[in-house]
2 protein chains.
Amino acid sequence: MSDHDHRPARPDAEVTLPRLLGVLSDPTRLGIVRVLSDGAERGWGQLCAPVAKSTLSHHLKTLREAGVTRTRQEGTRCYVTLRRDALDDRFPGLLSALLDAAATDYVGAHVTELTKDT
Amino acid sequence: MSDHDHRPARPDAEVTLPRLLGVLSDPTRLGIVRVLSDGAERGWGQLCAPVAKSTLSHHLKTLREAGVTRTRQEGTRCYVTLRRDALDDRFPGLLSALLDAAATDYVGAHVTELTKDT
DNA sequence: TTCGATGTTCAATGAACTTCGAACGATGAA
DNA sequence: TTCATCGTTCGAAGTTCATTGAACATCGAA
């Protein structure tokens, strides 16, 4: 990410591989991706990571701007999904391999999903 | 080796996925890996990147310490190879997917191999 | 309208990273 | 021995990044 990639907010479609790797090299962000890897939508507050909410917001923005996730707003709530189709379209097989590696190893284990325990 | 090194200079075997992704998120380093991707050994000076030699040395050290490459010394010369076997062992299929992605896209195109044009 | 909850943005800080030139040690050649 | 080459290490400069609390905007509920 040391390139002159100063794109404020391109649609996405133009994510370079180094940039994508940089985005996913953060344990928290990789953990988020791992949680979202089943394709299901998650509520913002459902994402449980050991960081301040401003930090979590920053990471989600980073993922969003890199085209990794999509955020849907509904009232005051946000819902996040993994854009697996878009990623597979740009880098076929890569996300799958990354998720396999993430599962094999540890990876972002501190990012969990907040289950509603009755 | 130096006393300035607070780094966990473990053999390697302990490379986390986020760290590996961070190492490969640099265009120059990814370019080096791409050049080495055929498995053949390359001479240090054969690696042609638009950076100072001290910078190139730094990047090669980073790759080496992450277990991505191996450096063999012979006299004053160094020879670098990609440790595909070790990487495949730790993260099966990942390197292959990354190289495919690197080939699909651009990636580190400014790192080339110095062909001996006599 | 007023209140509470939800996320985002801002400004600041410290750590980590990239980059370079200069200096250095090691090796092979003259 | 003397010299040139090769690659590493050092020191410094500048940049990027993760992180935080506070302030803010928005929306639903009361």
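Nothing here was measured: the structure is a model prediction, and the numbers come from that model. Note on naming: letters A, B, ... go to the chains in the order of the sequence lines (proteins, then strands), and numbering restarts at 1 for each one. Keep in mind that the numbers below use all heavy atoms, side chains included, and drop hydrogens, waters and symmetry copies.
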Just the atom pairs and distances: protein N or O near nucleotides 10-14 of chain C's N or O, under 3.5 Å.
none

Counting only side-chain heavy atoms from C-beta out, which of [options] sits nearest to [X]?
X	options	value
A:A52	D:dT20, C:dT8, C:dT19	D:dT20
A:K53	D:dA18, C:dT19, C:dT8	C:dT8
A:S57	D:dT20, C:dT9, C:dG21	C:dT9
B:C78	C:dT8, C:dT18, D:dT8	D:dT8

From [atom1] of [X] over to [atom2] of [N], roughly how many Å is that when rounded to an integer?
X	N	atom1	atom2	answer
B:R77	D:dC6	CZ	P	5 Å
B:Q46	D:dT5	CD	P	19 Å
B:L21	D:dC17	CG	C1'	16 Å
B:L56	D:dG7	CG	P	9 Å
A:Q73	D:dC27	CD	P	8 Å
A:L63	C:dT8	CG	C1'	16 Å
B:D26	D:dT15	CG	P	17 Å
B:L60	D:dC6	CG	P	15 Å

Looking at [X], I'd like to know whether one of its side-chain N or O atoms comes within less than 4.0 Å of OP1 or OP2 on [N].
X	N	result
A:R19	D:dC17	no
A:W44	C:dT8	yes
A:H58	D:dT19	no
A:R64	C:dT8	yes

Hey, what do you get for [atom1] ([X]) to [atom2] ([Y]), rounding to the nearest 0.5 Å?
X	Y	atom1	atom2	answer
B:S96	A:L94	OG	CG	10.5 Å
A:F91	A:L98	CZ	CG	10.5 Å
B:L36	B:Q46	CG	CD	9.5 Å
B:L95	B:L82	CG	CG	5.5 Å
A:S37	A:D100	OG	CG	9.5 Å
B:L21	A:L30	CG	CG	6.5 Å

B:L63 side chain reached by B:L24 side chain, heavy atoms, under 4.5 Å: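 The answer is yes; the side chains approach within 4.5 Å.
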
Bending between helix ends of the helix from C:dT1-D:dA30 to C:dA30-D:dT1 [5 pairs per end, 10° resolution]: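 The end-segment axes of the helix from C:dT1-D:dA30 to C:dA30-D:dT1 are tilted 10° relative to each other.
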
What is the nucleic acid contact for A:H59, judged by heavy atoms within less than 4.0 Å: base, sugar-phosphate only, or nothing?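 Since only primed, P, OP1 and OP2 atoms lie under 4.0 Å of A:H59, the category is sugar-phosphate.
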
Which donor-acceptor pairs under 3.5 Å do side chains of residues 66-75 of chain A form with protein atoms, sequence neighbours excluded?
| from | atom 1 | to | atom 2 | distance (Å) |
| --- | --- | --- | --- | --- |
| A:T69 | OG1 | A:R64 | N | 3.4 |
| A:T71 | OG1 | A:R64 | NE | 3.4 |
| A:R72 | NE | A:E41 | OE2 | 2.9 |
| A:R72 | NH1 | A:E74 | OE1 | 2.5 |
| A:R72 | NH2 | A:E41 | OE1 | 2.8 |
| A:R72 | NH2 | A:E41 | OE2 | 3.4 |

Side chain of A:R34, backbone of A:L99: donor and acceptor closer than 3.5 Å?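 Checking the backbone N and O of A:L99 against the side chain of A:R34, no donor-acceptor pair under 3.5 Å is found.
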
Check for a donor-acceptor pair, side chain of A:R77 on one end and backbone N or O of A:G43 on the other, with a separation under 3.5 Å.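 Between the backbone of A:G43 and the side chain of A:R77 there is no qualifying donor-acceptor contact (under 3.5 Å).
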
Using distance only, find each side-chain donor-acceptor pair of residues 53-60 of chain A under 3.5 Å and give its atom names and separation, not counting sequence neighbours.
| from | atom 1 | to | atom 2 | distance (Å) |
| --- | --- | --- | --- | --- |
| A:H59 | ND1 | A:R29 | NH1 | 3.0 |

For A:D38, enumerate each residue passing the salt bridge (charged side-chain N to carboxylate O under 4.0 Å, His left out) test, keeping only those at least two apart in sequence or located in another chain.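 If we apply the salt bridge (charged side-chain N to carboxylate O under 4.0 Å, His left out) test to A:D38, skipping adjacent residues, the hits are A:R42.
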
For nucleotides 25-30 of chain C, give me one character per nucleotide, 5' to 3': B if any protein heavy atom sits under 4.0 Å from the base, S if the only such contacts are to the sugar-phosphate, - if neither. --BS--

